[in-house]
*Asks:* 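Mind having a look at this structure? Questions to follow.
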Amino acid sequence: MQRRAVSISDIAKAAGVSHSTVSRALRDSPLISAAVRGRIQAIAREMGYMPNEIAQSLQTQRTRTIGLVVPSIADPFFADVFDGVEQVARAAGLSVFVSAAHNDPEQEMAAIETFHRRRVDGVLISSSRLSSPFLKRLNDIRVPVVLINMQAEAQHEHVHSVMIDDRAGACAAVEHLIQLGHRRIGYLGVSNRPLSNQRRLAGYREALQDAGVGMNDDWIVIAPEEDRQYRDDVVAGETLVHVLVEAGVTAIFCYNDMVAIGALMGCREHTIAVPDELSVVGFDDNHVARYVTPPLTTVHQPKLELGKQGMRMLIDLIDERDVQSTMLAPTLVVRASTAAPR
């Protein structure tokens with residue numbers, strides 16, 4: 001037979017005090033003396049009392065829960081972002097629910113609406129694809145939202161964001177290749193993250209132009225979104241790297257580390273030595289980047305800090321404090337996948 005949960009009335013009876021005194025003591029109210037609070041809290045622990053979160057949320061209009069929407073749980077980038085979110089949430093006494101949207105704005109919106117029905121206090125969305133119509137629906141839901149590295153061009157006055165400076169990171173990557181002596185530099189991008197891909201491509205072009213290095217359309221390859229095989233970044237890099245090699249490039253800047261790792265795999269399959277015959281640069285600095293062969297030169301995103309900043313912003317919004325969107329700076333990490341051209 002299932003054992004009945006211990007109630008506040010049970011604690012009041014055991015302590016010889018009123019229901020309201022127990023309730024105040026368990027909330028650590030200063031209206032109750034420290035000695036009485038300590039005695040009642042000790043009795044509650046001995047009896048195995050667990051607070052009724054549903055009842056508390058009805059009183060406070062807060063559930064102490066946060067919803068986090070990510071494109072995928074397989075990409076190590078989002079694991080680091082989640083770690084940052086969870087560290088700040090835990091310190092604030094909040095629980096985090098996670099849902100994967102698989103790069104689909106419809107699924108993303110469905111996850112947000114599900115979180116809203118569960119009465120979460122706020123929602124974080126990493127790499128959001130929401131366009132203007134969806135953002136207007138967010139306004140109707142009226143739940144605090146913070147976007148981490150937003151991927152859609154649309155903006156909305158009620159939506160706040162924390163982002164990485166994609167353009168500056170791309171410039172640093174390409175400038176590194178130029179300083180090594182490369183002049184035939186390719187870009188291997190994706191189309192299912194349009195905003196960051198557009199900004200990284202712009203940074204690639206800017207670095208070449210500033211250095212007076214020629215550009216060639218054949219040196220830019222973007223994995224098509226409509227072809228399902230390219231939705232996996234590693235597959236896209238592995239499949240498409242040969243297109244750039246055949247175009248005559250001596251170095252490739254990849255959209256992210258997973259694309260770059262795919263490019264390394266493709267080079268191994270075609271017996272192309274990295275970095276002797278081709279230099280490869282990624283973007284993100286995922287944990288795996290240092291363990292591949294050769295270890296990957298990449299642009300470090302402060303992923304943990306992205307998650308922490310986003311969570312802090314969301315807490316401020318929930319508490320009705322002023323919030324400003326922010327942009328974080330990336331840094332270049334040089335490893336063994338880049339060298340001077342032969």
Side-chain angles (χ1 to χ4, degrees), residues 70-80 100 102-104 127 151 166 169-170 173-174 176-177 180 182 184-194 196-198 200-201 203-204 216-301 303 333-339 341-342:
V70 297
S72 167
I73 58 172
D75 190 327
F77 175 89
F78 301 110
D80 285 349
H102 307 289
N103 297 320
D104 185 338
S127 300
Q151 292 300 320
D166 289 299
V174 177
H176 165 67
L177 293 171
L180 288 173
H182 292 277
R184 300 172 68 86
I185 302 169
Y187 176 72
L188 183 46
V190 298
S191 52
N192 61 3
R193 271 140 295 179
S196 58
N197 183 76
Q198 174 187 323
R200 292 175 196 181
L201 179 56
Y204 158 85
N216 188 322
D217 289 342
D218 292 339
W219 299 347
I220 298 172
V221 174
I222 309 295
E225 185 176 13
E226 62 273 9
D227 192 327
R228 293 190 64 85
Q229 72 166 318
Y230 297 122
R231 293 189 181 181
D232 184 310
D233 290 347
V234 174
V235 174
E238 183 179 13
T239 306
L240 297 174
V241 66
H242 76 93
V243 178
L244 287 168
V245 172
E246 289 174 1
V249 302
T250 62
I252 298 176
F253 167 49
C254 298
Y255 168 79
N256 65 12
D257 288 350
M258 305 313 285
V259 172
I261 289 168
L264 294 179
M265 293 169 60
C267 287
R268 194 171 302 120
E269 291 165 11
H270 293 88
T271 63
I272 299 166
V274 177
D276 293 340
E277 297 176 78
L278 182 73
S279 286
V280 178
V281 182
F283 198 114
D284 284 347
D285 194 22
N286 289 328
H287 294 304
V288 70
R290 71 191 69 179
Y291 301 120
V292 296
T293 304
L296 186 65
T297 295
T298 185
V299 177
H300 173 78
Q301 288 206 61
K303 299 174 287 297
V333 178
V334 178
R335 298 194 181 101
S337 67
T338 53
R342 288 204 286 194

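Everything numeric here is computed off the predicted structure, so don't read it as measured data.
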*Asks:* What pair of heavy atoms forms the shortest contact from Leu180 to Pro341, and how long is it?
*Replies:*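 Of all heavy-atom pairs spanning Leu180 and Pro341, the closest is O-CD, 3.4 Å.
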
*Asks:* What I'd like to find out is whether the side chain of Asn256 reaches to under 4.5 Å of the side chain of Arg200, using heavy atoms alone.
*Replies:* yes

*Asks:* What is the distance from atom CE of Met265 to atom OG1 of Thr239, rounded to the nearest 0.5 Å?
*Replies:*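 One gets 9.5 Å once the value is rounded to the nearest 0.5 Å.
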
*Asks:* Could I get the full list of side chain to side chain donor-acceptor pair (under 3.5 Å) partners for Tyr187, not counting sequence neighbours?
*Replies:* Asn197

*Asks:* So Pro275 and Ser337, do their side chains get closer than 4.5 Å, heavy atoms only?
*Replies:*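 A side-chain contact under 4.5 Å is absent here.
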
*Asks:* Could you grab the distance from atom OG of Ser127 to atom CG of Asp75, nearest 0.5 Å is fine?
*Replies:* 8.5 Å

*Asks:* Under 4.0 Å between a side-chain nitrogen and a carboxylate oxygen: does that hold for Arg193 and Asp166?
*Replies:*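 Answer for the salt bridge query: no.
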
*Asks:* Give a yes or no on whether the backbone of His182 and the side-chain of Thr250 come within a donor-acceptor separation of less than 3.5 Å.
*Replies:* no

*Asks:* Measure across Ala260 and Cys254 and return the closest heavy-atom pair with its distance rounded to 0.1 Å.
*Replies:*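 Smallest heavy-atom distance, with atoms named: CA-SG, 3.6 Å.
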
*Asks:* If you take all heavy atoms of Ala173 and Val281, which pair is closest and at what distance?
*Replies:*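 For Ala173 versus Val281, the nearest heavy atoms are CB-CG1, 3.8 Å.
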
*Asks:* Could you check whether any side-chain N or O of Ser279 sits under 3.5 Å from a backbone N or O of Ala339, counting only pairs where one atom can act as donor and the other as acceptor?
*Replies:*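 Pair found, side chain donor or acceptor close to backbone of Ala339.
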
*Asks:* Write out all pairs satisfying side-chain hydrogen bond (donor to acceptor under 3.5 Å, both in side chains) with one or both partners inside residues 280-290, taking only residues at least two apart or from two chains.
*Replies:* Asp80-His287, Asp284-Gln301, Asp285-His300, Asp285-Arg335

*Asks:* Mind checking the CZ-CD1 spacing from Phe253 to Ile220? Nearest 0.5 Å is all I need.
*Replies:* 11.5 Å

*Asks:* Supply the atom-to-atom distance Leu188 CG to Leu244 CG, rounded to the nearest 0.5 angstrom.
*Replies:* 6.0 Å

*Asks:* I'd like to check the salt bridge (Lys or Arg N to Asp or Glu O under 4.0 Å) partners of Asp257; sequence neighbours left out, ordered by chain and number.
*Replies:* none

*Asks:* Once you round to the nearest 0.5 Å, how far does CD of Gln198 lie from CD1 of Ile222?
*Replies:* 10.5 Å

*Asks:* Write down the atom of Phe283, the atom of Ala170, and the distance for their closest heavy-atom approach.
*Replies:*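 Answer, listing the atom of Phe283 first, then Ala170: CE1-N, 3.8 Å.
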
*Asks:* What's the spacing between His102 NE2 and Asn192 CG if we round to 0.5 Å?
*Replies:* 13.5 Å

*Asks:* Kindly write out the residues that satisfy side chain to side chain donor-acceptor pair (under 3.5 Å) with Thr297, not counting sequence neighbours, or none if the list is empty.
*Replies:*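 For Thr297, the residues satisfying side chain to side chain donor-acceptor pair (under 3.5 Å) (neighbours in sequence not counted) are Thr338.
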
*Asks:* Glu269: what forms a side chain to side chain contact (heavy atoms under 4.5 Å, CB included) with it, not counting sequence neighbours?
*Replies:* Glu238

*Asks:* Indicate the atoms forming the closest heavy-atom contact of Arg268 with Thr293, along with that distance.
*Replies:* NH2-O, 3.1 Å

*Asks:* Between Thr298 and Ala289, which heavy-atom pair has the shortest distance, and what is it?
*Replies:* CG2-CB, 4.5 Å

*Asks:* So, using side chain to side chain donor-acceptor pair (under 3.5 Å) as the criterion, who are the partners of Ser72 when residues are at least two apart?
*Replies:*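 Listed in chain order: nothing, the list is empty.
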
